[in-house]
Amino acid sequence: MALIDLRNINKVFMMGDEKIQALNDVSVQINEGELTSIVGTSGSGKSTLMNILGLLDLPSSGDYFLDGTNTTSMNDDALSLYRNQKIGFIFQSFHLLPKASALKNVEMPMQYASAYNKDLTDEVIRKLALESLEKVGLADRVHHLPNELSGGQRQRVAVARALVNKPKILLADEPTGALDSKTSEEILRLFQDLNKQGVTVIIVTHDNHVAQSCRRILRMSDGVIKSEEHL
Amino acid sequence: MMLKKIFINSFEALVENKLRSMLTMLGMIIGVAAVILLVSVGTGAKRYITAEFESLGTNIIIIQPGKTDKKSSMGPPISSSKGKITLSDVDAIMRSSQLLSAVSGVMYGAGTVKYDISASNIYIMGSNDQLQKVFNINIIEGNYISKEDDDAGRRVVVIGWNVKENLFGKDSPIGKLVKINESEHRVIGVIKPTGDKLGFNVDEMIFIPNKSALRLFNTDKLFGIRAAAKSRASLDDAVADITEILKERHNGEEDFTIITQVTMMDSMNTILNMLTYALGAIAFISMLVGGIGIMNIMLVSVTERTREIGIRRAVGARQSDILKQFIIEAVVISVSGGLIGILISLFITYALFFAFPGFDMRPPFWIIPPSFLLSFFTGLIFGVWPARKAARIQTIDALRYE
Ligand SMILES: Nc1ncnc2c1ncn2[C@@H]1O[C@H](COP(=O)(O)OP(=O)(O)OP(=O)(O)O)[C@@H](O)[C@H]1O
Ligand SMILES: [Mg+2]
């Protein structure tokens, strides 16, 4: 059974009277452990698809089975739980809390997780957050605020945050879009390592090099997956 | 997320936005301080007036001619032409009631008192020997009017302290003759400096026997009777006694009004409570303004922090987590403001008390828990709407918010 199973997903935005069909009957399956990239022209619906995959947004119609459960019938609390436990999301613009240190940013998902898991005491949370930051190579930057970090370091804080609850899926929407090629390479390597450890990784990218380093490439255009490639 | 953690986060958020937090708190500080200060003024005034009344003794019975509404008996004594109280009424009460420790008719008017120099507009009080007991009049030199003085209507006078100082300076006035409205009276006593008592400044008064006063003012109508019950417990019975005695003497008609300390204090209390409530209501409005201030800032804060809300939701915060977060922030602001307001109002009232001990507006302790709770609930109530707004923002919209 596929970890991710999208069936006939449509997403329509209303701009006044105008209907925008951002996703048009998208069906795709992604198995556990895959490393997938999504490419396509600007406006082709990549981010819209990722937001739905990440349960940040709901499809207008269609079914999304995640880990065997149909998410389209879940209530908001259940969706929050899934976002917290099963999915790590990485954004092009990092989306770190600007007034919280790297450590606090990484601790945040675990604080919400502690509602479900009583083992997550303050000490455990701190310990796991430090470990996670160490894994992304930021052990010496834990008390820095985001604006005291470089772009690459910020994205690594975001990766540490996305991974801290040990999600099955890592979704990255143009994670290297704001980074130079050297830093992009580092982030990409991080994703590949994670994938080797069993995390299912999906990367939206405009960077051909990034796309080519994934085993599976989905090409989107006008709200549909036009083709796919296996390397 | 655990409540404790949310509290810590809220404090951190407040510290991060020091200026804004302070300004928001200011409304609550002023609101709570106003509540406490205004209630303190109310209770302070009440305490002052009650003490003043009680210093007179709580057993006093005031009988006035004419039927007046007991509820509005605070004003000056009204003598109506209808009822008429005479010295024989006083004698009858004195004879018949076992429950009274003292009874005196009273008669008053203004006049001129002359020794070497003259003092005009002196308040002249006619009384018998027992008024001293009714009003706790303390004599510093000589004696008060005696029963014989009153029975015989002797031309004697007991003078207040200021009158003595004005007319005699340091000399002893005892035995000296003064002219009261051209009629000569012998000074037999001086009253200890007393100040205000039941609306009169005793120091500026003189006391003469009732009969002398009636003669002086050329009338047979007394202004009223003042009596003291033997005990507070017998006050009501004493009033009933007097009512019966006077009614019988006045052809069964109740053409007089009896006021006791109790009824006076009751109507006084009604007025003072109303004052306290009115002040409380004003204070409540300032709380309301403080609460609206909090709501306003929280709404701004929610808008400003839309992206933060999106981020938190993206990593797994439930709507209820966001709701709690913003409500707790509002409560933390309002409670902090409330506590500061309590401290400030305590500081002000105690500072005033130590600077001017006569000006005791220290708040009663009971006001502190409710004002604390008031600030708590203000934060809660005015925090709910912004917090709901925050919780209901769609995750993706919040993340995209610029
Ligand atoms: N909230 C929205 N309201 C209205 N239209 C939207 C909204 N989000 C996306 N769209 C539209 O949906 C289409 C797909 O947008 P999407 O962001 O998914 O593109 P994309 O492939 O991620 O592009 P890019 O590579 O530039 O990020 C676009 O035409 C966009 O204008
Ligand atoms: Mg996009």
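Order of the sequence lines sets the chain letters (A, B, ...), proteins ahead of strands, with each chain counted from 1. Note that the structure is a prediction, hence the values are computed from the model and not measured.
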(request) Under 4.5 Å, counting heavy-atom pairs only, tell me which of Leu55(A), Leu96(A), Asn51(A), Asp76(A) racks up the most with chain B. (result) Asp76(A)
(request) Side chain from CB out, backbone as N, CA, C, O: work out which of these in Tyr82(A) comes under 4.5 Å of a heavy atom of chain B, or both, or neither. (result) neither
(message) Looking at chain A, which one of Glu308(B), Gln394(B), Glu16(B) has the largest number of heavy-atom pairs inside 4.5 Å, strictly under?
(response) Glu16(B)
(message) What I want to find out is whether Asp397(B) reaches Arg313(B) closely enough, with some N-O distance under 4.0 Å, to be called a salt bridge.
(response) no
(request) Taking all heavy atoms of Gly337(B) and all of Ile29(B), pick out the closest pair and write down the distance. (result) O-CG1, 3.3 Å
(request) Using atom types as modelled and distance alone, determine if a side-chain donor or acceptor of Asn84(A) lies under 3.5 Å from a backbone N or O of Ser80(A). (result) no
(message) What part of Gln319(B) gets within 4.5 angstrom of chain A, counting heavy atoms only: side chain, backbone, both, or neither?
(response) both
(request) Please say whether the positively charged group of Arg154(A), taken as NZ for Lys or CZ for Arg, lies over the ring of Phe94(A), i.e. under 6.0 angstrom from the six-membered ring centre and within 45 degrees of the axis. (result) no
